[in-house]
Amino acid sequence: MKPYIINTHSHINMLRETNIDDAILNAKKENIIIIVPSSTADDIFEVDNFIKKYENMFGYVGVFPEEVKTFTEKTLNDMENIIKNNDKIIGIGEVGLDYYWDKTYKELQKDVFIKQIEFANQMNLPLNIHSRDAHLDTLEILKKYNKNSIAILHCFSGSLEFAKECVKEGIYIALGGVVTFKNAIKAKEVAKNIPIEYLLLETDDPYLAPVPFRGKENQPVYVKYVAEYIAQLRGVSTDEIAKITTQNAERIFNFNEK
Ligand code: NI
């Protein structure tokens, strides 16, 4: 199957109001491939099992910044075993820094982020990164510790200037439903102006549904509304945005070998 869009970040296993099988079918009908991140040291096993069941699905293993307290000495070992036994695990994520909710364990977040970057380097896998109110630290840590993994900033929330700085470092920018929100001036600027070779699409469902579903539960197929919106901003066709972002993702994840 030639994918139409690769949705690089969807927590489809966390949908509550939408039937998960329906959501998978909706995506499949439109040739949308879904990549599912994990969040805690325990749900890496859940994601591993979940994605095995569906042909249009891949996954990341990683511990999310707000869940770093679940990270233990055996977590990287567990991840390594999962990766070795499931070739549908194609990256490390979601990992990163989040200073929005709680700044009290910044140092632990940094430490676990660095360990997971080094692990991604060792496994030679891309990194799917969550960064909220922590842009400068995220970039500084990546510059210092990331040797050979392609980095993706998921649900990018920085300025255009910062996006350009990231692109200069070879970092990819993933955009989701936020870009369609009326007040998301920065995200629109980023979507319109970054080099298209560094753009990726996602939904981050069940959160952040794009217009016209804003406020409702998001689902992976809605990534097409993100593509449509960015296409309008850039004055190109939706197919063009779908095609190039799919090529970008295929290059990052070596999809053509899978
Ligand atoms: Ni997420």
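As the structure lists them, so they are numbered: ligands from 1, and atoms in each ligand from 1. All residue numbers in this chain count up from 1 along the given sequence.
- Here Trp101 sits in one hydrophobic cluster together with Tyr100; the rule is ILVMFWY side chains under 4.5 Å apart, joined directly or through other members.
- Of all protein atoms, those of element N, O or S that lie under 2.8 Å from the Ni ion (ligand 1) number 4.
- Put simply, the side chain of Lys224 never gets that close to the backbone of Ile5: no donor and acceptor are under 3.5 Å apart.
- In this structure, a donor-acceptor pair under 3.5 Å is present between the side chains of Asp204 and His11.
- No more than 12 heavy atoms of other residues, nucleotides or ligands sit less than 6.0 Å from atom NZ of Lys192.
- Counting non-hydrogen atoms of neighbouring residues, nucleotides and ligands closer than 6.0 angstrom, the CD atom of Glu161 reaches no more than 12 such neighbours.
- At distances below 3.5 Å, at least one donor-acceptor pair connects side-chain atoms of Thr180 with backbone N or O atoms of Val211.
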